[in-house]
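This report concerns only the one structure given below.
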Amino acid sequence: MMRLLIHIYLALAITTTTTTTTTTMAFSSLSSNKLMIRQISYRSFDNGHNNKLILDTCNNFYRRTKNTHHVNNIAADAPTCLFSTTTPSIESASNATQEVATPSSSDGTITNNCNKKKNKKNQNTTTYPPPPDASTFPSWSYSPRPFFHFELLHQSTKSAARVGRIHTPHGTIDTPGYVAVATNAALKGVDIRDADTVGQQLIFCNTYHLLLQPGTDVVEGAGGLHNFMNRKNGPLITDSGGFQVFSLAYGSVHEELSTGGELKRRGGGEKKGSLHVTGGKGGKPSVQVTEEGAIFRSYRDGKSFLLTPESTVQAQKSFGADIIIPLDELPPYHIDRNVLVNSVERTHRWEARSLQEHLKDVKDQAMYCVIHGGLDRELRQKSLDYLTSLPFDVSKKNFGYAIGGSLGKNSKELMELLEWMMPMLNEEKNGVNRRNKPRHLLGIADEPSILGAVKLGVDTMDSCYPTRLSRHGTLLSREGKIHIKSGKYSRQYGIPIDPECSCSTCQQYDRSYLWHLFKAKEPVFMTLATIHNLQYMNDLMAEQRQLILENKI
């Protein structure tokens with residue numbers, strides 16, 4: 001019966017290919033015992049009756065069968081790639097390669113025959129409605145809730161720097177503060193207990209990587225990330241996966257800047273400054289962006305899956321982090337302005353959809369908005385004004401801001417952008433006092449940037465900078481960076497990395513021994529170095545807070 005219904009759906013879908021209609025469904029085998037059938041998009045112009053019948057048939061099929069033992073059998077056969085029946089439509093991305101799953105005629109099962117189709121519609125011909133107005137959100141979503149709030153303790157008289165506390169269900173975060181990155185719910189080289197010992201309060205986990213491994217079902221089954229990581233008294237933040245769209249398309253930020261945005265382009269088919277279609281292995285796109293979301297090709301097994309504003313919020317609900325991030329589109333530094341305008345508009349629509357999904361079940365989580373616009377001040381202003389009008393958590397009183405998008409090609413451009421933008425976060429506009437909300441700088445936490453951003457009023461900053469440095473033999477100290485591989489450290493007996501540091505590494509080992517461990521490629525070096533670098537970063541932030549309290553910065 002179940003397979004028959006699928007055939008009915010496919011047969012009906014095929015009849016719509018001569019109309020200007022797009023009907024897309026995604027089948028995802030999200031676990032060994034669950035099949036999720038999700039409507040991705042539905043556009044109807046002149047054949048609405050047939051499309052409604054198609055969707056009703058599939059929805060009825062899912063409702064009637066989701067609790068039966070047959071689901072397991074179909075889940076095993078269901079493809080992970082997107083399948084659709086489409087004509088050239090306003091939903092299509094430029095030159096996109098779309099995978100199509102078709103039913104087998106021999107045994108009636110669905111097989112993963114992903115047929116490539118080239119869509120030559122120009123992405124710039126698409127016109128979308130504006131993002132929803134603030135008035136479309138329910139009035140109760142603007143009411144304060146007690147589980148999350150920002151407490152401003154002191155404003156420096158010398159600069160825009162400030163000291164505060166973010167109160168979350170799993171602990172307090174002193175600001176300004178450094179946020180360590182635990183990509184796969186683990187800090188590279190150290191145990192979470194080591195991070196707690198050095199004073200690490202907020203830790204950042206990546207939704208995209210956790211979706212691929214171990215998956216939402218595993219984490220949710222453990223009771224969420226706090227239980228899974230055994231960090232029940234420490235706050236967590238998760239991102240949406242939007243940054244991975246960028247990294248799959250362009251590599252690291254450094255690679256995109258150094259190659260002028262050309263790193264992962266294939267075959268010259270894309271113009272510099274374009275967006276949404278990117279090359280992968282064998283000419284297959286690594287990521288494809290449409291209005292519905294981003295279609296990723298997994299770096300683990302090459303399978304495709306769809307990330308939407310709704311699905312990323314649902315994943316972050318399963319993870320249970322204290323602070324969550326809406327899906328956004330991160331354009332590269334090298335981009336045409338018209339493309340950037342469209343990207344910012346799409347980000348606003350995606351963030352509004354993320355917020356709508358979040359408000360269905362808040363679950364004691366705070367959602368930060370992400371301000372975009374690159375270095376374009378007009379777009380930054382527009383993004384700030386629109387997003388602060390929405391009830392991002394938790395109400396006009398307490399929600400936070402994340403500063404995202406391209407932040408410049410160097411520290412100078414970053415500081416110029418922040419110097420211009422941060423004063424606007426002290427304004428009161430449309431009944432919103434922006435000053436009384438935490439500000440988070442996404443992906444930037446090297447020491448020079450921290451010192452500059454703190455003076456401008458940034459509260460928290462995340463980066464894998466200190467842990468990455470430690471893996472490559474660079475140790476942070478009050479005397480400057482120590483590149484431990486240098487032979488000059490081989491006989492520095494009895495001298496710790498930093499004489500003023502209280503970490504266990506500095507208390508027990510000297511530079512000579514650490515030089516030996518690094519040269520011998522002993523795995524324990526990474527642990528000892530990471531403990532020290534995390535201690536250094538947290539000491540740096542504590543020193544900054546004290547200087548602000550004394551009005552010295």
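Fair warning: this is a prediction, and the values are worked out from it, not measured in the lab.
Side-chain atoms of E357 and T312, non-hydrogen and from C-beta on, never get closer than 4.5 Å to each other. Using a 4.5 Å cut-off on side-chain heavy atoms (C-beta onward), T388 and Y401 make contact. In this structure, V313 and Q356 have side chains that are not in contact, with every pair of non-hydrogen atoms separated by 4.5 Å or more. Looking at heavy atoms from C-beta onward, I403 lies in side-chain contact with L418 at the 4.5 angstrom threshold. Taking the side chain as every heavy atom from C-beta outward, F150 and L152 approach each other to under 4.5 Å. Using a 4.5 Å cut-off on side-chain heavy atoms (C-beta onward), V339 and P331 make no contact. Between N184 and N206, every side-chain heavy-atom pair lies at or beyond the 4.5 Å cut-off. In this structure, the side chains of P131 and E345 come closer than 4.5 Å at one or more pairs of heavy atoms.
Between the side chain of D239 and the backbone N or O of T207 there is at least one donor-acceptor pair closer than 3.5 Å. Counting only distance, with no hydrogens or angles, the side chain of T238 and the backbone of Q316 share no donor-acceptor pair below 3.5 Å. Under the 3.5 Å distance criterion, the side-chain polar atoms of D328 are left unmatched by any main-chain donor or acceptor of T347. A side-chain donor-acceptor contact under 3.5 Å links R439 to the backbone of L425. One N or O on the side chain of N410 and one on the backbone of K412 form a donor-acceptor pair closer than 3.5 Å. Checked by atom type and distance alone, the side chain of Q155 pairs as donor or acceptor with a backbone atom of A160 at under 3.5 Å. Between the side chain of Q288 and the main chain of A294, no donor-acceptor pair closer than 3.5 Å is present. With hydrogens and angles disregarded, a donor-acceptor distance shorter than 3.5 Å links the side chain of H226 to the backbone of G234. Using a distance-only test at 3.5 Å, with no hydrogens or angles considered, no donor-acceptor pair links the side chain of K158 to the main chain of N551. Of the possible polar contacts, none joining the S383 side chain to the I371 backbone as a donor-acceptor pair under 3.5 Å is found.
Side-chain contact check for H358 and Q365: no donor-acceptor pair (N or O, by modelled atom type) lies under 3.5 Å. Defined by atom type and a distance below 3.5 Å, a donor-acceptor pair is present between the side-chain atoms of Q201 and D174. Under 3.5 Å, the side chains of E310 and Q314 contain no donor-acceptor pair of N or O atoms.
Rounding to the nearest 0.5 angstrom, the gap separating the CD1 atom in I325 from the NE2 atom in H440 is 6.5 Å. In this structure, CG in D322 is found 9.0 Å from CG in D364, a value given to the nearest 0.5 Å. Here L390 contributes atom CG and S354 contributes atom OG; the two are 11.0 Å apart, rounded to the nearest 0.5 Å. Atom OG of S318 is separated from atom CG of L225 by 9.5 Å, given to the nearest 0.5 angstrom. Within the model, atoms CD of E543 and CE of M541 stand 10.5 Å from one another, a figure rounded to the nearest 0.5 Å. Taking CG from L379 and CZ from R337, the interatomic distance works out to 4.5 Å, rounded to the nearest 0.5 Å.
Scanning both residues, I553 and S159, for their nearest heavy atoms gives C-OG, 3.2 Å. Nearest heavy-atom pair, Y536 versus R478, reported as atom, atom and distance to 0.1 Å: CE1-N, 3.7 Å. Across every non-hydrogen atom of L469 and K481, the tightest pair is CD1-CE, 4.5 Å. Contact between L441 and L407 at its shortest, heavy atoms only, is CD1-CD1, 3.8 Å. The nearest pair of heavy atoms linking Y465 to E447 is CE2-N, 3.8 Å. The heavy-atom pair separating M229 from C205 by the smallest distance is SD-SG, 4.0 Å.
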Name each donor-acceptor pair under 3.5 Å that joins a side chain in residues 175-182 to protein atoms two or more places apart or in another chain, with its distance.
unit_1: T175; atom_1: OG1; unit_2: G164; atom_2: N; d: 3.1
unit_1: T175; atom_1: OG1; unit_2: G164; atom_2: O; d: 3.1
unit_1: Y178; atom_1: OH; unit_2: S463; atom_2: O; d: 2.7

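Residues R435 and E428 are not paired through a salt bridge, judged by the lack of any N-O separation under 4.0 Å between the basic side chain and the carboxylate. In summary, K317 and D361 do not engage in a salt bridge, as defined by a charged side-chain N under 4.0 Å from a carboxylate O. Electrostatic pairing of E292 and R353 counts as a salt bridge here, judged by a charged N lying under 4.0 Å from a carboxylate O. A salt bridge is absent between E378 and K382: the closest approach of a Lys/Arg side-chain nitrogen to an acidic carboxylate oxygen does not fall below 4.0 angstrom.
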Worksheet entry | Verdict with supporting geometry, I192 and Q200, side-chain contact (heavy atoms from CB on, under 4.5 Å) | CA-CA 9 Å; I192 291 295; Q200 187 61 55; over 6 Å; no
Practice prompt. Show the numbers, then the answer: is there a side-chain contact (heavy atoms from CB on, under 4.5 Å) between F243 and L442?
Written response: CA-CA 10 Å; F243 179 76; L442 283 165; over 6 Å; no
Practice prompt. With side-chain contact (heavy atoms from CB on, under 4.5 Å) as the test, would you mind laying out the steps for L540 and L476 before giving the verdict?
Written response: CA-CA 10 Å; L540 174 67; L476 302 170; over 6 Å; no
Worksheet entry | Candidate pair T168 and L202, rule side-chain contact (heavy atoms from CB on, under 4.5 Å), full reasoning | CA-CA 10 Å; T168 79; L202 184 58; over 6 Å; no
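Note: F148 and Y368 have perpendicular aromatic rings, judged against thresholds of 30 and 60 degrees for the angle between ring planes.
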